[in-house]
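Data first, discussion second: the structure below is written as structure tokens.
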There are 2 protein chains.
Amino acid sequence: MEKHEIKKAGLKVTLPRVKILSLLEKHGGHLSAEDVYKLLLGEGEEIGLATVYRVLTQFQTAGLVVRHNFEGGQSVFELDHGDHHDHLVCLRCGRVEEFVDDTIENRQQAIADRHGFTIKDHALVIYGYCGDPNCQKDD
Amino acid sequence: MEKHEIKKAGLKVTLPRVKILSLLEKHGGHLSAEDVYKLLLGEGEEIGLATVYRVLTQFQTAGLVVRHNFEGGQSVFELDHGDHHDHLVCLRCGRVEEFVDDTIENRQQAIADRHGFTIKDHALVIYGYCGDPNCQKDD
DNA sequence: TTATAAATGAGAATATTTATCATTATCATA
DNA sequence: TATGATAATGATAAATATTCTCATTTATAA
């Protein structure tokens with residue numbers, strides 16, 4: 001139940017927050033603030049875009065969602081299930097796939113150590129063309 | 001000589017282009033469009049911000065510079081010396097360090113293959129606190 | 001030198017995100 | 001359950017980053 005998670009985050013349980021959280025659960029995917037806004041409109045919810053941004057940022061601070069800055073302007077958000085993962089992004093159709101690779105994770109830590117860095121976060125995004133025939137064909 | 005590279009890129013050799021290219025060479029670092037604009041102003045060059053963006057984008061298309069989308073709004077640009085590398089970014093002081101790790105590169109290729117992706121580009125950024133004592137101390 | 005096509009500068013326009021503020025809703029407590 | 005302190009919302013303005021427009025200027029091939 002979403003209400004519990006929102007309460008745990010120290011936030012009041014409001015309609016916009018419940019709706020946005022369940023939307024993210026339903027879609028699983030990687031949604032921009034505007035995606036969320038439009039999906040809410042489609043469901044007949046009159047929730048302002050400013051509220052969407054505000055709530056997503058609060059969820060991010062609370063650790064409920066993660067924010068990614070892929071190429072192309074808009075940030076995208078997804079539920080944080082605690083399992084860190086990296087991304088493959090198709091430049092043609094926008095499809096996003098996830099992956100985890102322990103070898104890469106370990107190498108990153110070793111590199112940070114060598115440079116005297118304390119890792120707070122990291123982002124690995126592979127951009128390319130996905131397996132779909134429409135995305136593989138040349139320009 | 002910068003003029004040659006500009007000409008090779010199929011662009012006319014103009015003062016803004018020569019200045020911007022030599023600025024990137026001089027600084028080596030990772031400059032935002034606004035950084036470039038202000039540095040030019042500091043040198044007494046009256047080059048518009050729009051021109052800076054335009055030229056940087058053209059250089060990117062021509063393969064002369066690479067553009068990175070680190071966290072925090074602005075894109076940063078650096079000369080493309082042909083040697084791909086990834087980045088460590090300090091969240092406190094903004095320092096940027098570069099690294100290459102063949103193991104990570106190979107794993108990425110393997111992952112893309114497994115997912116049926118054709119890699120066009122990739123970005124690995126490790127965010128954290130660098131070795132500087134001021135950056136390591138707690139909040 | 002000159003004609004042509006491209007580049008520039010200034011400011012408008014766009015896109016994304018954040019801030020402001022008056023109004024409304026939540027929720028602990030009475 | 002009613003209530004009041006506090007937080008959240010929606011509408012809009014503002015801030016930020018980047019791109020577009022267009023009249024003027026400049027580079028360069030002939």
Side-chain angles (χ1 to χ4, degrees), chain A residues 1-23 30-41 43-62 64-77 94, chain B residues 1-23 30-41 43-62 64-77 94:
Chain A
M1 179 57 125
E2 301 91 17
K3 295 187 183 176
H4 206 239
E5 300 180 71
I6 295 173
K7 206 168 277 179
K8 259 198 308 186
L11 300 167
K12 288 187 179 174
V13 178
T14 63
L15 189 120
R17 285 179 183 150
V18 173
K19 287 287 171 189
I20 290 171
L21 194 51
S22 67
L23 230 174
H30 302 74
L31 302 176
S32 69
E34 206 177 343
D35 290 338
V36 171
Y37 175 66
K38 285 182 177 161
L39 286 167
L40 289 170
L41 281 186
E43 292 184 356
E45 299 295 341
E46 303 267 322
I47 295 173
L49 182 57
T51 300
V52 173
Y53 272 105
R54 215 168 8 209
V55 168
L56 287 172
T57 304
Q58 289 162 340
F59 284 177
Q60 181 194 4
T61 304
L64 292 177
V65 313
V66 202
R67 177 192 198 125
H68 303 290
N69 301 288
F70 296 157
E71 280 181 10
Q74 289 171 302
S75 299
V76 298
F77 301 81
Chain B
M1 181 54 125
E2 300 91 19
K3 295 187 184 178
H4 205 240
E5 301 180 72
I6 296 173
K7 207 166 278 180
K8 257 198 309 187
L11 300 167
K12 288 187 179 175
V13 178
T14 63
L15 188 121
R17 287 179 180 148
V18 173
K19 286 289 172 188
I20 290 171
L21 195 52
S22 68
L23 230 174
H30 303 74
L31 302 175
S32 69
E34 207 179 343
D35 290 337
V36 171
Y37 175 66
K38 285 182 178 162
L39 286 167
L40 289 170
L41 281 186
E43 293 185 355
E45 300 295 340
E46 303 267 321
I47 295 172
L49 182 57
T51 300
V52 173
Y53 272 104
R54 217 166 8 209
V55 168
L56 287 172
T57 303
Q58 290 161 340
F59 284 177
Q60 182 194 2
T61 304
L64 292 177
V65 313
V66 201
R67 178 192 196 124
H68 302 292
N69 300 288
F70 296 157
E71 280 180 12
Q74 289 170 303
S75 299
V76 298
F77 300 81

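In what follows, every chain begins at residue 1, and chains take the letters A, B, ... in the order their sequences are listed.
When each of A:Lys19, A:Arg17, A:Lys38 is checked for a salt bridge (Lys or Arg N to Asp or Glu O under 4.0 Å) with A:Glu45, only A:Lys19 meets the rule. Just one of A:Thr61, A:Leu64, A:Ile6, A:Val55 meets the side-chain contact (heavy atoms from CB on, under 4.5 Å) condition when paired with A:Leu11; it is A:Ile6.
Contact annotation: the side chain of A:Val76 never approaches that of A:Leu31 to less than 4.5 Å [non-hydrogen atoms, C-beta and beyond]. Taking the side chain as every heavy atom from C-beta outward, B:Val18 and B:Thr14 never approach each other to under 4.5 Å.
Between the CG atom of A:Leu15 and the CD atom of A:Glu46 there is a distance of 11.5 Å, given to the nearest 0.5 Å. Rounding to the nearest 0.5 Å gives a distance of 12.5 Å between CZ of A:Phe77 and NE2 of A:His30. Remark: B:Ser32 OG to B:Arg67 CZ distance equals 11.0 Å, nearest 0.5 Å. Rounded to the nearest 0.5 Å, atoms CD (A:Glu43) and CG (A:Leu23) are 5.0 Å apart.
A donor N or O paired with an acceptor N or O is not found under 3.5 Å between the base of D:dT26 and the side-chain atoms of B:Lys12.
Under the 3.5 Å distance criterion, with hydrogens and angles disregarded, a donor-acceptor pair is assigned to the side chains of B:Thr51 and B:Arg54.
Look at B:Tyr53 and you'll find a side-chain N or O under 4.0 angstrom from OP1 or OP2 of D:dT18. Here A:Arg54 does not reach the OP1 or OP2 of D:dA7: none of its side-chain N or O atoms lies under 4.0 Å away.
Rounded to an integer number of Å, the gap from B:Leu15 CG to D:dA27 P is 8 Å. One can place CD1 of A:Ile47 at 8 Å from P of D:dT9, the figure rounded to the nearest angstrom. Across the protein-nucleic acid pair, B:Gln60 atom CD and D:dT18 atom C1' stand 13 Å apart, rounded to whole Å. To the nearest angstrom, P of D:dT26 lies 16 Å from NZ of B:Lys3. Rounding to whole angstrom units, CG of residue A:Leu11 and P of D:dT6 are separated by 18 Å. Spacing between atom CG of B:Leu49 and atom C1' of D:dT19 amounts to 11 Å, rounded to whole angstrom units.
Nucleotides of DNA chain C that come within less than 4.0 Å of any heavy atom of chain B span, from the 5' end to the 3' end, C:dA5 to C:dG11.
Nucleic acid contact class of B:Ser75 (heavy atoms, under 4.0 Å, all strands): sugar-phosphate only. Among the heavy atoms of the strands lying under 4.0 Å from A:Thr14 are primed sugar atoms or P, OP1, OP2 only; no base atom is included.
Residues of residues 33-40 of chain A that place a heavy atom closer than 4.0 Å to DNA chain C, in numerical order, are A:Glu34.
Note on the helix from C:dT1-D:dA30 to C:dA30-D:dT1: angle between the axes of the first and last five pairs equals 30°, rounded to 10 degrees.
Remark on DNA chain D: of its neighbouring residues B:Gln74 and B:Lys7, the 5'-side contact belongs to B:Gln74, judged by nearest-heavy-atom nucleotide.
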